[in-house]
Amino acid sequence: MLRNATCGELTLSDVGKKVTLAGWCQKLRNLGSLVFMDLRDRYGITQVNIAPELYEKVKVKSEYCLQVIGEVVARSEPNPHLPTGKIEIVAEEINIFSKSKVPPFIIADETDALEDTRLKTRYLDLRRPVMQKNLEIRARLLKASRDYLEALNFLEIDTPTLIKSTPEGARDYLVPSRTKPGKFFALPQSPQIFKQLLMIGGFDRYYQIARCYRDEDLRADRQPEFSQIDCEMSFVSREDVLQVIEGLVSNMFEKVIGYKLPKFERISFKDAISLYGSDKPDMRFGMLIQDVTDILTKGEFKAFEGKRVKAIVVPGYADKCSRKVQSKDIDLAKKYKTHGVSFFKVVGGNVTGSLSKFYEQSQLNLLLARLDLKDNDLVIVGADENEDKMNVALGALRLKYGRELGLMNPDVFAPCFVIDWPIFGEEDGKIVSLSNPFTRPRDEDLKYLDSDPTKVLSYAYDTVINGSELSSGSLRIHDGKLQQKIFELLGLSDDEIKNRFGFFVDAFNYGTPPHGGFALGVERLTMLMAKTENVRDVVAFPKNLSAVDTMCEAPSSVPKENLDILGIQIKEND
RNA sequence: GGAUCAGUGGUGUAGCGGUUAACAUGCCUCCCUGUCACGGAGGAGAUCGUGGGUUCGAUCCCCAUCUGAUCCGCCA
């Protein structure tokens with residue numbers, strides 16, 4: 001037996017027991033004729049009292065992996081900050097399993113190393129309690145989701161990860177085929193098509209913890225490979241699916257972090273954009289975007305003419321809003337391809353600011369009343385021909401100030417469903433898909449399919465908590481004719497449809513049940529529960545922003561012979 | 001594809017035309033019987049990301065390049 005207790009469990013009631021612990025030497029405190037060692041494992045830290053003679057013999061150092069045999073004793077001076085702080089082990093024997101080089105950074109929650117450094121020796125970084133806690137949250141929420149879904153009769157079925165490339169949406173990761181040189185598999189961006197085929201195959205409730213791959217640029221919350229709790233159900237209404245999502249997510253929060261989520265709000269896509277300036281609204285705080293077009297286009301200020309004018313109010317911020325701050329905000333708004341924003345301040349009950357001179361007092365009073373302005377409030381105003389662009393820009397500013405004013409409390413979770421998404425958008429006069437092409441249009445909107453497709457809303461739904469898109473899903477089309485029609489509206493020719501989705505379209509001719517589902521982002525969920533804004537904190541071995549694993553140095557070159565077998569030649573750099 | 005910020009001992013930072021390149025921490029040696037961010041004394045450790053330029057002189061200014069972070073585009 002290499003150990004019979006962990007470093008996190010011993011208490012005063014264990015005093016007198018002889019125990020064997022195993023772990024890593026976290027810290028040594030050598031007082032001369034008395035040496036203390038903090039021994040660390042996954043469960044905690046236990047102090048070991050080592051006699052100088054024993055210490056001389058074993059010569060323990062930082063991060064040595066070792067075993068301690070000794071008696072549990074009560075400490076004469078307990079440490080109230082440590083769960084095991086009332087006891088220590090008097091070492092009788094120390095066996096070193098293996099030595100360690102001096103680690104490149106301090107292995108503790110409060111490490112001062114930058115992430116880049118930590119990633120190069122991730123296995124050391126993973127020893128840090130906070131990383132172990134994060135990965136434990138991840139494991140526990142997966143377990144909770146399995147338990148919940150299994151109880152509802154969902155069947156776990158895995159789907160292939162070497163699949164047909166169907167260029168649409170995200171860029172595929174490609175895998176060359178050896179048996180068919182010159183041809184490629186793609187790694188799945190999601191199991192979408194397969195889970196729908198499972199519905200046709202009669203598995204009315206399917207789920208899977210699915211690995212997904214997207215070869216797109218990364219972000220702090222985006223990795224090229226990630227996991228989804230993927231579900232699909234047959235013979236369901238939108239309401240049925242939303243119930244499952246709400247139940248599942250609430251159950252996970254309760255089981256994993258003991259948080260009771262409130263009932264999920266519902267908001268239409270349209271309202272989310274116009275009130276929050278985002279399709280993933282953070283509902284922990286207000287500061288909603290308001291329409292002031294009728295008031296502010298009536299003045300002498302020509303630049304607002306013919307545009308939609310929208311505003312947010314930052315309470316009590318007028319005196320903090322220097323010229324520098326303003327110019328930063330203008331730049332932020334311009335990032336979203338707007339003309340920028342302007343500022344009003346409320347001073348002594350009056351609306352002031354460089355634009356105020358363009359307006360009559362009566363109009364400014366209207367503004368005071370409409371926005372319910374108080375002294376020292378800051379009003380950020382933007383105008384644009386394209387209302388949604390300005391909404392999105394103001395939405396970004398809303399988040400900036402929400403953060404700054406401490407309104408985004410990480411201990412509070414505000415869930416909502418964003419529903420009624422449009423199916424089509426317009427880009428350069430062309431109809432483009434805004435969702436996946438299998439999303440089912442609302443029955444009441446089918447009549448617009450020919451006349452004005454952009455008016456057609458769908459049975460799609462996103463789950464959003466604290467501004468993070470946790471899941472997205474929809475009812476799917478189950479009628480072959482309607483599916484064909486959607487493909488046509490997207491400008492796909494019969495040949496293209498046949499090439500990309502032929503097998504899928506064929507399947508629809510054999511009795512497709514009405515179905516729908518969703519996919520929950522595992523990393524996003526874990527990030528919320530672990531209260532981190534960085535995906536890499538909840539992935540054991542992540543890629544950096546260039547999609548590189550700096551520890552393994554992947555991707556890498558491969559020998560020419562391997563390429564020859566695949567019929568691949570690398571183009572020389574020009 | 002674009003924007004911004006940052007690369008200085010192992011680690012994290014300071015310095016921003018002339019410095020013995022500073023501080024903290026880690027590491028090594030010695031002292032220390034109750035530490036838990038132990039304490040004390042001493043020591044080693046840096047071609048200041050790379051290449052070019054400006055200058056009498058560059059870690060510092062300029063250009064290029066590489067690397068990292070964050071955002072926009074992108075992510076059906």
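Sequence lines set the chain letters: A, B, ... in the order given, protein chains first and strands last, and positions in each chain run from 1.
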Is [X] touching bases, backbone alone, or none of the nucleic acid, heavy atoms closer than 4.0 Å?
X      : answer
A/T439 : nothing
A/I45  : nothing
A/P80  : nothing
A/E63  : nothing

From C-beta outward on [X], which listed nucleotide comes closest to its side chain: [options]?
X      : options             : result
A/K27  : B/A37, B/A76, B/C71 : B/A37
A/E216 : B/A69, B/A37, B/C75 : B/C75
A/A220 : B/C75, B/U70, B/C32 : B/U70
A/K335 : B/C38, B/C71, B/A76 : B/C71
A/E77  : B/A37, B/C36, B/C74 : B/C36
A/L114 : B/G12, B/G73, B/G34 : B/G12
A/S33  : B/U33, B/U35, B/C32 : B/U33
A/L545 : B/U33, B/G1, B/A69  : B/A69
A/V102 : B/G26, B/U11, B/C36 : B/G26
A/N544 : B/U11, B/A69, B/U35 : B/A69

Check: A/F438 ring centroid to A/F501 ring centroid under 6.0 Å: yes
Taking only the [atom1] atom of each, what is the distance from [N] to [M] in whole angstrom?
N     : M     : atom1 : result
B/C71 : B/U25 : C1'   : 32 Å
B/U33 : B/G39 : C1'   : 13 Å
B/C60 : B/G49 : C1'   : 15 Å
B/G7  : B/U54 : C1'   : 23 Å
B/C32 : B/A41 : C1'   : 11 Å

Just how far, in rounded Å, is [atom2] of [N] from [atom1] of [X]?
X      : N     : atom1 : atom2 : value
A/L28  : B/G34 : CG    : P     : 17 Å
A/N30  : B/C32 : CG    : P     : 10 Å
A/D549 : B/G68 : CG    : C1'   : 15 Å
A/D215 : B/C75 : CG    : C1'   : 11 Å
A/D109 : B/A37 : CG    : P     : 14 Å
A/I193 : B/A76 : CD1   : C1'   : 11 Å
A/L124 : B/G26 : CG    : C1'   : 14 Å

Check: B/C32 base within 3.5 Å donor-acceptor of A/R29 side chain: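 By the distance-only test, no, there is no pair.
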N/O donor-acceptor pair, side chain A/R214 with base B/C75, under 3.5 angstrom: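 There is none.
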Nucleotide paired to [N] in any strand shown, Watson-Crick or G-U, under 3.5 Å:
N     : result
B/A44 : none
B/C56 : B/G18
B/C5  : B/G68
B/C23 : B/G12

For [N], does OP1 or OP2 lie under 4.0 Å from any side-chain N or O of [X]?
X      : N     : result
A/R222 : B/C74 : no
A/K61  : B/C28 : yes
A/R536 : B/U70 : yes
A/T117 : B/G12 : yes

Donor-acceptor pair, side chain of A/N534 and main chain of A/R536, under 3.5 angstrom: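 Yes, A/N534 side chain to A/R536 backbone: donor-acceptor pair under 3.5 Å.
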